[in-house]
Amino acid sequence: MPLYSDEAVVLRTRKLAEADRIVTLLTRRHGVVRAVAKGVRRTSSRFGSRLEPFTHVDLQLAEGRNLDTITQAVTMTPFGATLGGDYDRYTAGSVMLETAERLVTEEREPSLQQYLLLVGGLRAMAAGDHRPGDVLASFLLRSLAVAGYAPSFDGCARCGLEGPHTAFHPAAGGVLCTTCRMPGCARPAAETVQLLGALLAGDWPVVDVADARHRREARGLVTAYLNWHLERGLRSLPLVADQ
Ligand SMILES: [Zn+2]
């Protein structure tokens with residue numbers, strides 16, 4: 001069977017037969033790949049904990065008719081070891097893994113930008129320089145943008161009229177001017193809209209000093225926007241505390 005190598009983040013695993021697992025990976029060059037790890041559930045497995053969720057691994061795989069098989073795994077960064085010790089970072093990180101899998105819908109469709117965003121997001125989450133909820137919100141907005149759902153927090157999402165605007169609707173794709181405003185709009189504070197723009201841009205000096213009230217409001221709107229674009233809500237999102 002032809003072999004290939006790639007780097008990946010382990011998104012999820014599930015049991016297969018007695019000792020094996022199916023591992024869902026977001027790879028650098030092959031997009032989302034589901035592959036079999038044989039014998040991984042035995043205590044003597046040569047893979048050890050290298051194929052647990054969050055691990056950034058260097059892999060060798062053998063192409064299969066349906067599923068590929070992992071033949072080698074070398075840990076690059078064990079993000080799970082850092083995140084596992086902190087409930088807030090762990091739950092926020094879990095949402096990142098689930099979102100990455102949901103937004104890259106086509107298996108084996110290369111998604112380098114999503115891959116780089118996820119690795120960068122996990123690195124920021126593990127480093128602990130910013131609040132976990134802010135790292136998550138920034139990651140969600142940026143991965144939605146990469147997936148083609150870039151929200152507008154400046155100009156009106158419908159007519160382009162220059163902002164600032166303070167009516168927001170997930171269905172409209174961002175903020176709306178007074179003319180374009182539609183029923184059911186959220187009416188966030190101007191500071192919240194500014195914070196959303198900073199989260200999308202990764203403007204950390206602005207994000208880090210934002211008021212708790214505006215951060216809470218911004219995260220609620222990010223969640224609404226994410227859920228609007230995913231067919232159903234995320235399993236892991238309700239676990240995220242108000243960080
Ligand atoms: Zn408008």
Side-chain angles (χ1 to χ4, degrees), residues 9 11-12 24 26 31-32 53-54 83 87-107 109 111 113-115 117-118 120-122 124-125 130-158 165-176 180-189 191-202 207 210 212-243:
V9 173
L11 301 180
R12 188 157 67 92
T24 304
L26 178 57
V32 168
F54 292 111
L83 301 179
Y87 182 80
D88 289 349
R89 290 182 198 286
Y90 181 82
T91 49
S94 299
V95 176
M96 292 165 69
L97 298 187
E98 194 181 344
T99 304
E101 184 179 356
R102 295 279 294 280
L103 287 177
V104 182
T105 47
E106 287 294 315
E107 281 191 39
E109 185 85 18
S111 331
Q113 277 184 293
Q114 289 289 5
Y115 171 80
L117 262 183
L118 181 61
L122 290 174
M125 195 64 86
H130 310 288
R131 292 179 193 89
D134 292 341
V135 174
L136 174 61
S138 177
F139 170 81
L140 295 176
L141 288 174
R142 295 167 95 170
S143 55
L144 281 160
V146 165
Y149 311 123
S152 171
F153 296 122
D154 185 22
C156 171
R158 191 159 284 176
H165 306 297
T166 55
F168 173 89
H169 202 298
V175 291
L176 293 166
C180 298
R181 198 171 289 169
M182 54 203 266
C185 276
R187 300 301 308 274
E191 293 91 332
T192 301
V193 176
Q194 195 198 359
L195 172 59
L196 285 164
L199 286 164
L200 178 61
V207 171
R213 186 163 47 102
H214 301 136
R215 288 207 318 274
R216 203 175 309 121
E217 194 171 45
R219 286 174 199 165
L221 296 178
V222 172
T223 302
Y225 194 68
L226 177 72
N227 285 333
W228 178 264
H229 287 289
L230 297 177
E231 280 173 35
R232 48 191 197 284
L234 293 180
R235 285 188 309 273
S236 51
L237 200 52
L239 296 175
V240 176
D242 188 20
Q243 297 149 4

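We use all heavy atoms of the structure for the numbers below, so side chains are in, but hydrogens, waters and symmetry mates are not.
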Kindly check if the number of other-residue, nucleotide or ligand heavy atoms within 6.0 Å of CD (E107) is above 12? yes
Counterpart residues, ring-ring contact (aromatic ring centres under 6.0 Å, His included), relative to F54 (two or more places apart): Y90
Atom pair CG/CZ of L140 and R219 - distance to nearest 0.5 Å: 11.0 Å
Going by the rule side-chain contact (heavy atoms from CB on, under 4.5 Å), which residues pair with R142 if we only count those two or more places apart in sequence or in a different chain? L117, S138, L200
So, taking the atom named CG in L97 and the one named CG in L26, what distance separates them when rounded to the nearest 0.5 Å? 9.5 Å
In Å and rounded to the nearest 0.5 Å, what is the CE to CZ distance from M182 to R158? 5.5 Å
Sequence neighbours excluded, which residues qualify as side-chain hydrogen bond (donor to acceptor under 3.5 Å, both in side chains) partners of S143? none
Please name the pair of heavy atoms, one in G174 and one in A157, separated by the smallest distance, quoted to 0.1 Å. N-CB, 3.9 Å
With a 3.5 Å distance limit and no angle check, can you tell me whether R12 reaches the backbone of P53 through a side-chain donor-acceptor pair? no
Side-chain heavy-atom pair V175, L196 within 4.5 angstrom cut-off: no
Indicate the ring-plane relationship of F153 and F168, choosing parallel, tilted or perpendicular according to the 30° and 60° boundaries. parallel
Quick check for you: to the nearest 0.5 Å, what is the distance between L221 atom CG and R216 atom CZ? 13.0 Å
For E217, give me all partners under side-chain hydrogen bond (donor to acceptor under 3.5 Å, both in side chains), at least two apart in sequence or on another chain. T192
Do R89 side-chain atoms and M125 backbone N/O form a donor-acceptor pair below 3.5 Å? yes
With side chains defined as the heavy atoms from C-beta onward, is the minimum distance between V222 and L136 less than 4.5 Å? no
Smallest separation among heavy atoms of H130 and V135, with atom names: CB-CG2, 3.8 Å
Atom CE in M96, atom OG1 in T91: separation rounded to 0.5 Å? 11.5 Å
Side chain of R215, backbone of A210: donor and acceptor closer than 3.5 Å? yes
Among all residues two or more places apart in sequence or in another chain, which pass the salt bridge (charged side-chain N to carboxylate O under 4.0 Å, His left out) test with E191? none
Spacing of OG1 belonging to T99 relative to CZ belonging to F139, to within rounding of 0.5 Å: 6.0 Å
If you compare all heavy atoms of H229 against all heavy atoms of P170, which two are closest, and at what distance to 0.1 Å? NE2-O, 4.3 Å
Residues which pass side-chain contact (heavy atoms from CB on, under 4.5 Å) with A147, listed by chain and number, not counting sequence neighbours: L103, Q114, Y149
Using modelled atom types and a 3.5 Å cut-off, is there a donor and acceptor pairing between side-chain atoms of S152 and backbone atoms of A150? no
